[in-house]
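One structure below.
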Amino acid sequence: MKLRFDRRSVLKGMLGGSAVYVGLPVLDAFLNSNGTAFAGGAPLPVRFGTYFWGLGLTDTPTGGTRWVPTKVGPGYELMPELEALQAVKDKVSVFSGFRVIGDGRANLVHWTGHAAILSGVAPATATRFDAASFDTKVADAIGTSTRFKSIDIDASVSRQPVSYSTRTGSTFASPDATPLALYTRLFGPDFQDPNSDDWKPNPSIMLRQSVLSAVTEQRRALMMGLGKEDQMKMDQYFSSVRDLENQLAVQLQKPEKREACVLPQAPQDPTRVSSVDIVNSNTKVMAKLLAMGLACNQSRVFTFVHTSGASETYLPGQSKIYHQITHDEPTDAQLGYQPETSKLASEVMKGLGVFLGELDAIKEGEGTLLDNSIVLAFSDTGYAKIHAIENIPMFLAGRAGGRHKAGQHIAGKGDSVTRVSLTAMQLAGAPVGEFGVGSMKTSNPIGEVIA
Amino acid sequence: MYYGRSVRCGARSVAPPPGGRTLVKKTVSVFALLGANILGGFAIQAAPVQGAAQAPAMTVGVRRITETQYRHTIADVFGPAIKVEARFEPERREEGLLALGSAMLSLTSSGFEQYFALARSISEQVLSEQGRETAVACQPTDAAKPDAECARQFVARYGELLFRRPLTPAEIQSRLNISARGAKQTGDFYAGLELALTSLLVAPEFLFRIESAEPDPAAPHQYRLDAFSKATRLSFLLWDTTPDAELLSAARSGALHSQDELERQVDRMLAAPKFNDGARAFFADMFQLDGFGNLVKDPSIYPKFDQSVAEAAREQMLLRTIDLLVRRQGDYRDLFTARDAFLNRSLAAVYQVPYASRAQWMTYVFPQDSERSGILTDIGFLALHAHPGTSSPTRRGIKVLEIFMCQATPQPPANVDFSTVQDSTKGTVRGRLLDHMENEGCSGCHRRTDPLGLALEHFDGLGQLRTMENGVPIDVTAQLKNITIEGARGVGEYLRNEPKVPACLVRNVYSYGVGEKTYGRDKAYLAEQTKAFIASGYRFPALVRQVASSPEFFKVIAPKSKPKAPVAEATVTQLQSTVE
């Protein structure tokens, strides 16, 4: 094992091997060596997000892998299903071979995989998580100084809005599910241009604050004598009220200038069709809006759904949906994989490609918005045909302001997926040293990718 | 027979036992089973009952109000002209009902943001120059200044309608403070009121139905639902809205606690036009009609589909239901076999029926030999439970069992070998599903679900009639246990005669009204209600009358002090949402 004697590893050693990168003040000198983290001396914040797509990637038990690179470490080769990541490859680390350990709990198809990655525990039921999704922890840590603590987006054109972000495990975020809804939320009437020269506090915001104070004044009386589940519900309600109070407070402060921030045009909503070409173009439009929202400092945290678990997307004009194809299509004996499924997987990965491309298109300081972000992209399954929760494809994209040693392939060798989640949280700067439950509990992030 | 998990910690430990006296002993034994840690929480609530007359009320339920409840309430309280434009938080179905999901949901940050913006918009409309004349009964001494007395009247009046109970002095005072501050700051009394009203509209007491129980004066040691919570239960079940003045007054006086007054109120509510709204809301929930807004179909495969067809398909199912069950007070079983249907112009094209009416909707009776009969052959049911480009016998079968028979289908096994499954671009879907039925891991469920769906295969993914698939005639015979079913009419006849069907409706009305799942201990009550429902000739209003005036409808159910049942039991009965 390589010995490293930098400031972090020394601290790590002093604290008995548990991960304590977090909570360290970001020292200017330290980050400066990476060359991208600063613009005019003020540190650009690290943004954090999750990106989800359904039905995994192709890696068959017969060895027909279409995404796991042979080479481990930096400079991995680009496998066929990852070709869409070509342009940003050096900013993306690939994690293969990590798995969900259920500790006796059943594999709830198209649910257990991402539930475990996000909440650290294989869930008991297929409508809930047993714990909060970790993006909410990151949002609590780094998302309080912006207008929105988190932006939740669903580009999937599904029957129901899809989000896997949850604070209680039972109530999931209500995502913006169309470009126009996202635009209105970010850049609608309450948007304040950070680059405007004649900014004045809006007095009506103070009146809005007073409206909320009447609600919070009654909190104690309301909470008395509530059962546990009702208490949880009311806790979440009041935490949502606090988020809005915070939002109003932020709007009463003069926003910091943001060079990269340019108010975008209001978009058109696409026709409601869930074929993969439409979902990908929807992804591009929404990613562009999101990227500008981040650049304008409206939020630092986001969750993005491209397609849901058990995805209903399909190739235009085809009667069978992707999900059905993953199960029904026989493995081609010569190729060693399902050709149609793999084709769809490549199409779906184009979504991730354009998504990251939009973050990378915004110049920030000497780098790009993607350089100052860390995005955990992942799916619900590994090999979808058998609902595998082993080898679920996971990626960390973006340099996290220099903290992420990107461009590597890490082979997990059966380690818990929560190690990747923990790594993501720490790269985002959340003060979390431990994540997961039971066999998936870990305090051991993936040191190889942490600078 | 019903959904349910075998372990239910803490639920219903204070349901009043018939004799009353046995309560203490009974709860003790429950506590012994559950362990000491929840005893603490419960003892605080139960202890004062021992001797004191003024034991505190206890909260027994918190349910988020639904979108239609919100809309109906605003229309009832402020008039139908008020525009309610917002995206509501997504709802979630538990054990077949959104009403059960709403008892588990809270509000997210972005959801609260939406409610806040909506509240501001409603208040602005209510207190606009034209609106204030009707909305504010009193005149401020000076419209440019605060007026505590007029503000108090306004807050107390609307507070009671929105919170469904009188406000406490503290709740009123905090709104008076905002309204005074706002009036001062803006120099406008009505701007102050606007803020006060906004704060009522974003309060948890409005956005959630908070039910509370009080010690029962008639039975020492027991709790009963307080009169306002009773009024609210009635009002949301029968009208899908907040209680009206008369119901609130019966709650205020305590009259609602008497059986006579209860029955009088129920009859009054059944006779009111708003019972239509209540029934629509109930059936939209039970029949799972919430997916139409986002329904997608591939335009090259189903060119006739668009959003207006989706919306009309939903309305068609509701029109059929309300016309038969409420307007005509008909037999519930006719829902599955009636040959008449409501059509509008865009539906007529899909049904391939000439539209010969100038009205927006017309009734149409399909010929005797038509395969269209009953609600299962409405394109709404057929299209909703299908894929974007194909039908899905499995989905349809699952939904027939789930919606109309309260039968849940377990999750499919994770590791299934589909390698023998044939290529579905050839032949009919039956071949593919027969493979499932022969596969050991799949057959248990697919033998139950698929036959009902296969019998509906003469309808494609949009619900259009067809007889061939991939050039091969479609066989719509299906074998269900010992019964052979032939086509859609066969499925309708099967449901008509299946005893689980009326029992399922009864279970849903009860669960929907009380916001609680049903358990084994409810079996006797539900069986008795089902018997009465059958005796009434399967009349829905009679069923609602019986349930709403029965003591069980107001039974106090203690809040759970401990989270969820253990894992193993919980996973088995999980409803299927991601199948196939």
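Quantities reported herein were computed from a predicted structural model and do not represent experimental measurements. Naming: A, B, ... by sequence-line order, numbering from 1 per chain.
The greatest number of non-hydrogen atom pairs below 4.5 Å with chain A, out of B/S174, B/A103, B/G461, B/S179, is found for B/S174. Per-residue heavy-atom pair counts under 4.5 Å with chain A were compared for B/S212, B/G291, B/G182, B/A170, and the maximum is reached by B/A170. Between chain B and the residues A/D176, A/D152, A/T331, the largest count of heavy-atom pairs under 4.5 Å involves A/D176. Per-residue counts of heavy-atom pairs under 4.5 Å with chain B were compared for A/E217, A/Q231, A/M232, A/Q236; the largest is that of A/Q236. Considering only heavy-atom pairs separated by less than 4.5 Å from chain A, the leading option among B/R63, B/K297, B/Q307, B/Q185 is B/Q185. Comparing A/Q318, A/R185, A/K149, A/Q160 by heavy-atom pairs within less than 4.5 Å of chain B, the highest count is held by A/R185. By number of non-hydrogen pairs under 4.5 angstrom with chain A, the leading residue of B/S300, B/A203, B/P204, B/P299 is B/P204. Heavy-atom pairs under 4.5 Å with chain A were tallied for B/R87, B/E205, B/Q114; the largest tally goes to B/R87. Most heavy-atom pairs under 4.5 Å with chain A, from the set B/G101, B/G111, B/P388: that is B/P388. For the set A/L212, A/V211, A/V273, the count of heavy-atom pairs under 4.5 angstrom toward chain B peaks at A/V211. Counting heavy-atom pairs closer than 4.5 Å to chain B, the top residue among A/D243, A/V157, A/N107, A/L207 is A/L207.
Salt-bridge formation is detected for the pair B/R395/A/E312: a Lys NZ or Arg NE/NH1/NH2 atom is positioned less than 4.0 Å from an Asp or Glu carboxylate oxygen. Contact check on A/R167 versus A/D140 returns a salt bridge, with a Lys/Arg side-chain nitrogen under 4.0 Å from an Asp/Glu carboxylate oxygen. Using a cutoff of 4.0 Å between basic side-chain nitrogens and carboxylate oxygens, A/R128 and B/E94 are scored as salt-bridged.
The side chain to side chain contact (heavy atoms under 4.5 Å, CB included) test applied to A/T178 returns A/L180, A/A181, A/D269, not counting sequence neighbours. A search for side chain to side chain donor-acceptor pair (under 3.5 Å) contacts involving B/Q173 returns B/N177, not counting sequence neighbours.
For A/R242, no part sits under 4.5 Å from any heavy atom of chain B, backbone or side chain. Contact of B/L200 with chain A is not made at all, since no heavy-atom distance falls under 4.5 Å. For chain B, the nearby part of A/S158 is the backbone; its heavy atoms alone come within less than 4.5 Å. With a 4.5 angstrom heavy-atom cutoff, B/F88 does not touch chain A via any of its atoms. Only the side chain of A/Y314 comes within contact range of chain B, judged by heavy atoms closer than 4.5 Å. Heavy atoms closer than 4.5 Å to chain A are found in the side chain of B/I301, but not in its backbone. Both the backbone and the side chain of B/D290 come within less than 4.5 Å of a heavy atom in chain A. With a 4.5 angstrom heavy-atom cutoff, B/A310 does not touch chain A via any of its atoms. Neither the backbone nor the side chain of A/T168 has a heavy atom closer than 4.5 Å to any heavy atom of chain B. If you measure heavy-atom distances from A/Q247 to chain B, the contacts under 4.5 Å come from the side chain alone.
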Problem - From CA spacing to verdict: side chain to side chain contact (heavy atoms under 4.5 Å, CB included), B/F116, A/V241 - result: CA-CA 9 Å; B/F116 189 70; A/V241 174; over 6 Å; no

Exercise for the section: Report the C-alpha distance between B/S110 and A/S174 in whole Å, list the side-chain angles of each, state the deciding distance to 0.1 Å, and finish with yes or no for side chain to side chain donor-acceptor pair (under 3.5 Å). Expected result: CA-CA 7 Å; B/S110 62; A/S174 50; 3.1 Å; yes

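At distances below 3.5 Å, at least one donor-acceptor pair connects side-chain atoms of A/R105 with backbone N or O atoms of A/A122. In this structure a side-chain-to-backbone donor-acceptor pair under 3.5 Å is missing from A/K320 to B/T390. The closest donor-acceptor contact from the side chain of A/T171 to the backbone of B/S106 lies under 3.5 Å.
Using a 30° and 60° split on the angle between ring planes, A/Y164 and A/F129 fall in the parallel class, below 30°.
If you take CG on A/D380 and CH2 on A/W111, they are separated by 10.5 Å, rounding to the nearest 0.5 Å.
The minimum heavy-atom distance linking B/T198 with B/E194 is given by the pair OG1-O, 2.7 Å.
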